[in-house]
Amino acid sequence: MAVADTIKTYITTELAPDLDASKLANDQSLLTTGVLDSLRIVKLIAFLDDEFGVEVTDDEFDPDNFETIDAIAKLVEEKKG
Amino acid sequence: MDFSLTPEQKEFKRSVLKFAKNELNRDVIERDHSSEFDWEGWKKCAELGIQALPIPEEYGGVGEDIVTCMLAMQALGYGCTDAGLLFSLHSHMWTCEIPILTFGSDEQKKKYLPRMAAGEIVGGHAMTEPGAGSDAYSLMSTAEKKGDRYILNGSKTFISNAPIADVLLVFALTDKTKGWAGISGFLVDKGTKGFIVGNPLHKMGLRTSPTAEVTLEDCEVPEECRLGREGAGSAIFNAEMEWERSCLFSSHLGMMQRQLDKCVQYAKDRKQFGQSIGKFQAVSHKMADMRMRIELGELILHKVAWLKGKGKKAHLESAIAKLFISESAVQNSLDAVQIHGGYGFMTEYEVERDLRDTIGGKLYSGTSEIQRNIIASWLGL
Ligand SMILES: Cc1cc2nc3c(=O)[nH]c(=O)nc-3n(C[C@H](O)[C@H](O)[C@H](O)COP(=O)(O)OP(=O)(O)OC[C@H]3O[C@@H](n4cnc5c(N)ncnc54)[C@H](O)[C@@H]3O)c2cc1C
């Protein structure tokens, strides 16, 4: 599964299970729509570590990096090198 | 997980303990009564290198790892009975030095860290507002961009170190439409026009650590004062809370060990009904429970340090540690008063002050209820 799809599945099953995955676009804001709050981001970061072996540092824990599924996937891809 | 200490770490802990016992306990009862900060103790800590512990050498510090920082703070908690002085040190180190170190530009690091490490200037942070406590991200203070400057407006309350601080990390909204993701941090220097520090607030405990309200009235700061990017406020706050929830509470553990040692000695010496009160199970079991809480608190803190030392997040673990140790410290302090009987209630025996000082621990850095909310949310609830 592509990185973005894996992230989307986690968000729509674990973090925001009320959300209809088919209605969540990869470029849609997760912050202004309230899909992610600061606590859910912390949990998402733990997931990224478990799933992709990617450790998000304190200064990367920035809302901009978590604005959309595409942005999160980009962060993961960059860190995986 | 290997939690064993190196010989250097053991020796360092011993030396900090000795220093604290000898140098930091001047007139604590009187200063607690008059709510007086111990500047002399602050300077002595700086001479020993306490404020420099987490700062790398290039910025005038000693660059110690988190385990060593925690050991030092634990030793201070044991040796120093002035919990207010330690609380001020913690605010300075974890809520101001660490954010600057982690998120600051090179200029900001050069401007503040060497002097903070040397104890020449004092820092703190200002998040809480009259209407935004546990729900910290609902803050209303604003930072409006005007050209290459920001205009800060709002009011902050319960700000530790504010009356003595040279710089405060102030959180304000740069983008109201984004809510928590629109919060940014600003380093505001004492004396900046429109940055008004109120009179010290009177408190139940931690009286030797000054606290005040801060008002921002068209307080204008240059863009270079922003810490990190616009919107990085929540990231900064989260990072500092992880440090504070682990390092601050290592001092609680030190205090709890000192308190237990004192209780054991008292229970051996004090005789009633023809024997030491420690021979009564009702008394000795209290101390067994006190010991158990210290042991478990120490284990969870070592786990947090181990995780953070590996560069991992310890959000859940630091919430557990904060909750467990702060509540244990209050329970142990209640037990200590009970074991000392009426003497424990009297100020001169220096038992009751620990109770007053520890109660704040269930409130600051996120209340006990908020820590339980965090833990529950990790359970998917
Ligand atoms: C000694 C001390 C030093 C401090 N230093 C600083 C500082 O340097 N900088 C700073 O910014 N702030 C500081 N604070 C403020 C501190 O962070 C706040 O007091 C704390 O976050 C709680 O906010 P509040 O006091 O407004 O209580 P409230 O948020 O109003 O809470 C009142 C009660 O309601 C409970 N409650 C609230 N929401 C929930 C919920 N969702 N679920 C369950 N229970 C809930 C709380 O747990 C509490 O029991 C300090 C506080 C103290 C006591």
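Order of the sequence lines fixes the chain letters, A, B, ..., with proteins taken first and strands second; residue numbering starts at 1 for each chain.
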State whether the number of non-hydrogen atoms from other residues, nucleotides or ligands found under 6.0 Å of B:Lys145 atom NZ is greater than 12.
yes
Start with the C-alpha gap between B:Thr177 and A:Thr32, add the side-chain angles, then the distance that decides, and say whether side chain to side chain contact (heavy atoms under 4.5 Å, CB included) holds.
CA-CA 8 Å; B:Thr177 62; A:Thr32 50; 5.9 Å; no
If you tally heavy-atom pairs under 4.5 Å between each of B:Gly179, B:Gly231, B:Ser234 and chain A, the highest tally belongs to B:Gly231
Heavy-atom side-chain proximity of B:Arg229 to A:Asp64 below 4.5 angstrom
yes
Nearest heavy atoms of B:Ala181 and A:Pro63, plus distance in Å
CB-CB, 3.8 Å
Taking the side chain as every heavy atom from C-beta outward, state whether B:His315 and A:Leu39 have any pair of such atoms under 4.5 Å apart.
yes
Using a 6.0 Å cut-off, check whether atom CZ of B:Arg115 has over 12 heavy atoms from anything other than its own residue.
no
Closest non-hydrogen contact found for B:Trp180 with A:Leu36 is CZ2-O, 3.5 Å
Check each atom of B:Tyr137 against the heavy atoms of chain A and say whether the ones under 4.5 Å are side chain, backbone, both or neither.
side chain
Regarding A:Asp58 and B:Lys313, does a basic nitrogen lie under 4.0 Å from an acidic carboxylate oxygen?
yes
If you tally heavy-atom pairs under 4.5 Å against chain B, which of A:Asp37, A:Leu31, A:Ile41 wins?
A:Asp37
Do you know which two heavy atoms are closest between B:Asn238 and A:Ser38, and how far apart they sit?
ND2-CB, 4.2 Å
Between A:Val42 and B:Trp378, does a side chain to side chain contact (heavy atoms under 4.5 Å, CB included) hold up when you go through it step by step?
CA-CA 10 Å; A:Val42 173; B:Trp378 277 91; 3.6 Å; yes
Is it the backbone or the side chain of A:Thr57 that comes under 4.5 Å from a heavy atom of chain B, or both, or neither?
backbone
May I ask you to decide if A:Glu55's main-chain N or O and B:Lys312's side chain share a donor-acceptor pair within less than 3.5 Å?
no
